[in-house]
Structures are given as structure tokens and as C-alpha cells.
S.K.: 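What follows is a structure written as C-alpha cells; I'll ask about it next.
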There are 2 protein chains.
Amino acid sequence: MQKSVSLTPLRVACSGCNLRELCLPRKLTEADLEQLDDLISLKHAYQRGDYLYRSGAKFQSLYAIRTGFFKTQVLHEDGREQVTGFQMAGEIIGLDAISSDAHTCDAIALEDSEVCEIPFSQLEELSRKLPSLQRHLHRILSREIVRDQGIMLLLGSMRAEERLAAFLLNLSQRFATRGYSPTSFHLRMTRQEIGSYLGMKLETVSRTLSHFQGIGLINIRNKSVELHNLPGLQAYVGPPPQFL
Amino acid sequence: MQKSVSLTPLRVACSGCNLRELCLPRKLTEADLEQLDDLISLKHAYQRGDYLYRSGAKFQSLYAIRTGFFKTQVLHEDGREQVTGFQMAGEIIGLDAISSDAHTCDAIALEDSEVCEIPFSQLEELSRKLPSLQRHLHRILSREIVRDQGIMLLLGSMRAEERLAAFLLNLSQRFATRGYSPTSFHLRMTRQEIGSYLGMKLETVSRTLSHFQGIGLINIRNKSVELHNLPGLQAYVGPPPQFL
DNA sequence: CAGGGATTTTGACCTATATCAAACGCACGC
DNA sequence: GCGTGCGTTTGATATAGGTCAAAATCCCTG
């Protein structure tokens with residue numbers, strides 16, 4: 001049972017939260033973890049549709065999602081909105097707000113959810129004392145940049161089918177990481193929200209999903225999806241037609 | 001000459017570089033600035049077309065652009081590429097690499113350029129000692145996330161004309177910040193690269209620029225642009241047709 | 001200063017996706 | 001259990017932008 005030696009501190013650090021993101025894999029002593037634990041002691045519950053924060057609100061804390069599902073969206077003055085991400089358990093939300101001390105997007109619960117509040121100035125203070133925590137925070141910030149670049153690639157150079165295949169595979173992989181089935185899950189978001197995220201209209205999302213179902217790649221009924229052919233979906237994300 | 005009191009340390013901190021990004025506005029003592037100065041002592045020159053780093057290369061340092069112009073691009077396996085940004089003097093490049101200790105994109109000089117190398121582990125170490133530097137680093141990372149979200153909005157929900165208008169206005173504003181003309185400048189990148197960045201084909205970029213010229217918004221001859229009507233361009237970025 | 005490759009412009013045509021519209025179905029509240 | 005309304009599917013049509021092609025222009029090298 002050597003493994004549990006490294007698992008135990010994870011639980012300690014997050015007061016029972018399952019927060020892979022903030023739980024450092026090593027190099028933290030029990031005392032360190034206790035400090036981190038104190039920091040993340042505030043917990044909040046949100047119902048479907050609740051705002052975790054709104055664009056323009058003063059920035060105080062990051063939030064680690066304990067359970068549930070959120071979307072983040074930026075609003076253009078004219079009413080257009082762009083969903084910038086779907087966040088699930090273990091992910092950190094609010095990173096965009098550090099730059100200007102104010103939130104730059106809305107975060108809305110897509111299902112009943114719980115989050116741990118992480119007061120940012122305290123996190124900064126602690127991360128000055130714990131190099132390993134500091135490094136982790138930097139990685140989280142940088143990972144978000146890499147994720148965004150991936151979405152830029154998706155939006156800038158992929159076709160609707162490719163985007164949707166990439167989206168389904170991304171969800172699949174994230175569910176798998178959390179111990180859920182990678183091939184059978186519920187979509188928490190509407191076609192409209194998927195479309196906003198992927199830069200397409202809800203009708204196109206619906207049509208494309210139907211198409212995937214038609215060729216046996218997936219089975220979709222309302223919000224529940226089954227991925228029948230992961231390699232088949234992968235093929236869409238890969239080379240475009242002219243390279244096949 | 002009170003002003004020069006705050007200006008002087010800036011110069012010290014960057015050994016003559018004009019690096020707004022890393023130069024902290026306050027709260028650093030002379031001694032602090034000297035340490036920062038030591039850190040950023042390595043300088044390198046690149047010619048047009050040179051790679052600052054390549055995707056996959058081990059991450060060691062961030063780079064502060066002293067003079068010149070770079071592009072960053074991510075490559076899809078199949079050969080598709082997406083330009084993820086155009087960086088100019090005073091901007092920090094390489095932030096994406098922190099997450100995995102390896103660069104995730106290529107950075108290529110679009111003109112002869114100079115950069116200051118900032119060894120990251122030393123920057124982390126120093127930022128543990130200087131809260132003000134730590135905060136600044138976090139802001140830089142977060143600002144990149146905000147920028148990327150803006151591009152997601154652009155790619156996901158704007159039309160070609162709107163994207164290009166937004167792009168020109170963004171360049172305009174960044175040149176202005178650096179003391180150059182906001183209405184007359186040289187594009188360092190090709191139509192192809194602009195297109196990649198904005199999710200459109202080079203022909204569409206060219207056509208749209210011609211269109212802007214046709215209606216008197218801009219004058220463009222090859223790489224030199226003059227913006228004749230900033231509010232006119234702004235109007236494109238704003239509300240879409242149905243809201244006008 | 002001339003030649004040649006790269007970049008840009010412009011035109012004609014085509015296609016992926018948007019738009020508009022209608023029917024359907026699931027979920028929630030009464 | 002039964003409307004009622006939001007979300008979804010599907011169809012018909014329109015269009016922004018892509019594709020292909022050719023000419024024009026620029027810029028670098030010899």
C-alpha cells in the first residue's frame with residue numbers, strides 16, 4: 001500500500017475536496033498542507049443557473065470546483081456572448097481576474113455545484129513560502145494559456161465536424177481522468193452553449209451530432225451521449241480531407 | 001523633474017531595455033532592482049525568420065522583447081498552423097511553456113529583433129522574495145489569459161470585417177502605447193499570417209483590406225497602412241448589423 | 001539593374017455554415 | 001396527468017467566405 005502514502009496528503013490538503021489541481025503531488029510537509037488546508041476552508045454551494053461571479057466584480061478569490069459543472073462566458077457590449085470554457089470538478093476558475101483585479105467573464109453553474117474559495121492574496125503569500133506551491137500555481141496559469149491556444153487553433157482552423165469531434169473527445173478524456181466513463185456521459189450544456197464555445201450555431205451543432213449518429217460514431221439522445229467509436233472521432237480531429 | 005524619479009529605476013531594472021512589462025512601477029528598492037537586473041542580463045539578437053524557440057524545446061526562460069516583432073504559432077500534426085499572437089517590444093513571450101516545462105508553440109522573428117532572456121527558475125526564486133514582482137508575474141500570466149479569451153470571442157463570434165477591424169485597432173493601440181503613430185504603421189506580417197491569426201484565408205484578408213480602402217477607412221499599400229477613420233473601424237467591432 | 005520567386009490582388013465559382021421556419025419532444029409546474 | 005414552454009431536430013434557402021486561377025506587384029539576389 002505504498003501508493004496511499006502519496007494519496008493521503010491529497011485528502012488532507014483539501015479538506016475532503018477532490019481537487020487534483022491544487023493538491024500538490026509531493027514536496028509539501030504535513031505542516032505545509034495544514035496551512036493550505038486553512039486557506040481553502042471556505043466552501044459554497046451553487047444551484048443550476050447561479051452565478052459564481054460576474055464580469056466586472058472585484059477579484060478576491062480563485063475557486064476550485066469540488067463538484068458540479070460551470071461555464072464561463074465573455075460578453076460583448078452588443079449582446080453577443082462567447083462561452084470560453086466548461087469547467088468541472090478539480091478545475092480552478094477565476095484566473096483571468098488576476099490581471100486587473102476584476103473578473104472579466106461570468107461563471108455560471110450548469111448544475112448544482114460546490115466550490116472551494118481560495119483567497120488569492122493568501123494564496124500568493126503562502127506560495128512565497130512554498131516553492132512547490134508557487135510552481136504549481138504557475139503551471140495552472142500556464143496550462144490555461146495552453147488550453148486557450150488549443151481553442152484558438154480549433155476556432156481558427158477547424159471545420160464544424162472537426163470542432164465537435166474534438167469537443168466530444170475532450171469531454172471524454174476529462175471524464176475518464178475523473179474516473180467516469182469516457183464513452184457515456186451527460187452533456188450539462190445546451191446545443192446553444194456548445195455552439196457558442198465552438199463558434200457555430202446551435203442548428204449546426206445539432207445537425208453535426210445527428211450526422212455523427214447517422215454514421216454510427218455516437219449515440220445521442222438529448223443530453224446523454226455515448227461514444228461508440230473513439231478512433232473514428234479522433235480521425236476527424238486529425239488530418240483534413242486533402243491530407244487523407 | 002519629479003517624474004524622472006520613477007523613471008530612473010525602470011531603466012536600471014532592465015539594463016537599458018524598454019521593458020514595460022517586467023519593470024515594476026513601484027515598491028522595489030534599488031537593491032531589489034539590481035537583483036532583477038542581474039537576472040535579465042542575457043540578451044540575444046535574432047534576424048527575420050529566426051526561431052526564438054521551437055515547439056517541444058525544453059523550457060528554461062521567458063523572453064522579454066526589447067526591440068522587433070515576433071509571431072507565435074501552434075502546429076497541428078497534419079501541417080495546419082495557427083498563429084496565436086504577434087508580439088512587440090515590451091511583451092513577454094514563452095508563458096505557455098511553464099505548464100509542461102516544454103514550449104508548446106514556435107516563436108519566430110518577423111523582423112530583426114532583440115530579446116532579454118529571463119531564466120524562469122531564477123525569476124520564481126526572486127519573486128518569492130519580492131511580493132511586488134510576484135504579483136506582477138501573476139498579472140502578466142493572467143493578462144495573457146484575458147487576451148486569449150478576447151481572441152476566442154473574435155474567432156468564435158465575429159465576421160471577417162469585424163475581425164480585421166479589431167486587428168487593425170489593436171495594432172494601432174499597441175503602437176500608440178509605445179509612442180509610435182496609431183494611424184500609420186508597417187505590418188510586419190504577411191496576409192497569410194494575418195489570416196491564420198484571424199481564422200480567415202489570405203484572399204479574404206486582402207479583399208477585406210481592399211474593401212476598407214474602397215470606403216475610405218484606411219489606405220493600404222503592401223505592408224504600410226494608414227488608418228484614416230478610427231471611429232469608422234471601431235464601428236465594425238461594435239454591434240453587429242441587426243443591432244445597428 | 002535585371003530576373004525570379006514570393007506575396008498580393010482580383011475575379012469567377014463553389015461549399016460549408018448561417019438563417020429562417022416549422023414540427024417535435026422532453027421536463028417542469030399546476 | 002396534462003398543458004406549456006424551452007430546447008432540439010430537421011428542412012429549405014441564402015450567403016459569407018473558401019477555393020482555384022491568373023495577373024500584378026514587390027523584393028531579394030546576383
Side-chain angles (χ1 to χ4, degrees), chain A residues 47-49 71 80-83 108 110-112 154-168 186-215 218-225 236 240-243, chain B residues 47-49 71 80-83 108 110-112 154-168 186-215 218-225 236 240-243:
Chain A
Q47 297 194 310
R48 190 151 92 87
K71 70 167 175 179
R80 269 180 293 191
E81 64 183 50
Q82 171 75 28
V83 172
I108 300 162
L110 294 179
E111 64 182 19
D112 293 358
L154 181 139
L155 291 173
S157 65
M158 289 170 76
R159 294 172 321 105
E161 283 181 347
E162 301 174 308
R163 293 179 206 183
L164 203 50
F167 174 70
L168 291 172
H186 280 261
L187 299 173
R188 270 74 172 185
M189 67 296 286
T190 66
R191 304 287 189 267
Q192 161 103 265
E193 288 163 337
I194 296 172
S196 171
Y197 184 54
L198 299 179
M200 55 212 250
K201 294 288 145 159
L202 70 94
E203 294 95 327
T204 308
V205 173
S206 177
R207 269 185 243 279
T208 308
L209 288 173
S210 298
H211 174 64
F212 283 166
Q213 179 161 254
I215 58 178
I218 69 172
N219 192 55
I220 184 160
R221 178 173 180 75
N222 225 5
K223 306 249 193 225
S224 53
V225 207
Y236 273 98
Q242 69 267 31
F243 287 97
Chain B
Q47 298 195 310
R48 189 152 94 85
K71 71 167 175 179
R80 268 182 292 191
E81 65 181 50
Q82 172 76 26
V83 171
I108 299 163
L110 294 178
E111 64 182 19
D112 294 358
L154 180 140
L155 291 174
S157 65
M158 290 171 75
R159 293 172 321 106
E161 282 180 348
E162 301 173 308
R163 293 179 206 183
L164 203 49
F167 174 70
L168 291 173
H186 280 261
L187 299 173
R188 269 73 172 185
M189 66 296 284
T190 67
R191 303 287 189 268
Q192 160 102 266
E193 287 163 338
I194 296 172
S196 171
Y197 184 55
L198 299 178
M200 54 211 252
K201 293 289 143 155
L202 69 95
E203 294 96 326
T204 307
V205 174
S206 178
R207 269 185 244 279
T208 307
L209 288 173
S210 298
H211 174 65
F212 283 166
Q213 178 161 254
I215 59 179
I218 68 171
N219 192 55
I220 185 160
R221 177 174 180 74
N222 224 5
K223 306 250 191 226
S224 54
V225 206
Y236 272 98
Q242 69 268 31
F243 287 98

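Atom set for the values below is all heavy atoms of this structure, side chains included, hydrogens, waters and symmetry mates excluded. All chains are named by letter (A, B, ...) in the order of the sequence lines, taking the proteins before the strands, and each is independently numbered beginning at 1.
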S.K.: Taking the side chain from Arg188(A) and the backbone from Lys223(A), do they hold a donor-acceptor pair closer than 3.5 Å?
M.R.: no

S.K.: With a cut-off of less than 4.0 Å, is there a side-chain N or O of Asn222(A) near OP1 or OP2 of dT9(D)?
M.R.: no

S.K.: Under 4.0 Å between any heavy atoms, over every strand shown, what does Gly199(A) touch: base, sugar-phosphate, or nothing? Just pick one.
M.R.: sugar-phosphate

S.K.: Is the phosphate of dC26(D), meaning OP1 or OP2, less than 4.0 Å from a side-chain N or O of Arg221(B)?
M.R.: yes

S.K.: Please report the distance, rounded to the nearest Å, between NE2 in His211(B) and C1' in dG17(D).
M.R.: 14 Å

S.K.: dG11(D) base to Arg207(A) side chain: any donor-acceptor pair below 3.5 Å?
M.R.: yes

S.K.: Rounded off to whole Å, could you give me the CD1-to-C1' distance for the Ile218(B) and dT9(C) pair?
M.R.: 14 Å

S.K.: For Ile220(B) and for Lys201(A), find the nucleotide of DNA chain C with the closest heavy atom, then tell me which residue's nucleotide is more 5'.
M.R.: Ile220(B)

S.K.: Just how far, in rounded Å, is P of dT7(C) from CZ of Arg188(B)?
M.R.: 18 Å

S.K.: Using a cut-off of 6.0 Å, state whether more than 12 heavy atoms not belonging to Glu203(A) lie near its atom CD.
M.R.: yes

S.K.: Using 0.5 Å steps for rounding, measure from the CG atom of Leu164(A) to the OG1 atom of Thr208(A).
M.R.: 6.0 Å

S.K.: Quick check on DNA chain D: between Leu202(B) and Arg48(B), whose nearest nucleotide comes earlier from the 5' end?
M.R.: Leu202(B)

S.K.: Atom CE of Met200(A) to atom P of dG17(D): distance rounded to whole Å?
M.R.: 17 Å

S.K.: Is Ser210(B) near enough to dT10(C) that one of its side-chain N or O atoms lies under 4.0 angstrom from OP1 or OP2?
M.R.: yes

S.K.: Where the side chain of Arg159(A) is defined as all heavy atoms beyond and including C-beta, which of dT17(C), dT8(D), dC20(D) is the nearest nucleotide?
M.R.: dT17(C)

S.K.: Between Ser196(B) and Glu81(B), which heavy-atom pair has the shortest distance, and what is it?
M.R.: OG-O, 3.4 Å

S.K.: With sugar-phosphate meaning primed atoms plus P, OP1 and OP2, does Thr190(B) contact a base, only sugar-phosphate, or nothing at under 4.0 Å between heavy atoms?
M.R.: sugar-phosphate

S.K.: For the residue pair Met200(A) and Ile194(A), establish whether any side-chain heavy-atom pair is separated by less than 4.5 Å.
M.R.: no

S.K.: Is there a side-chain polar atom (N or O) of Thr204(A) under 4.0 Å from OP1 or OP2 of dA18(C)?
M.R.: yes

S.K.: Nearest whole angstrom, please: distance from the C1' of dG18(D) to the CG of Leu198(B).
M.R.: 16 Å

S.K.: Given atom CG of Leu209(A) and atom P of dG7(D), what is their separation to the nearest angstrom?
M.R.: 16 Å

S.K.: Under 4.0 Å: is that the gap between some side-chain N or O of Arg191(A) and OP1 or OP2 of dT8(D)?
M.R.: yes

S.K.: Output the rounded distance in Å from CD (Glu203(A)) to P (dA12(D)).
M.R.: 15 Å

S.K.: Whole Å only: how far is the CD atom of Glu193(A) from the P atom of dC6(D)?
M.R.: 15 Å

S.K.: Would you say a side-chain N or O of Lys223(A) is under 4.0 Å from OP1 or OP2 of dT8(D)?
M.R.: yes

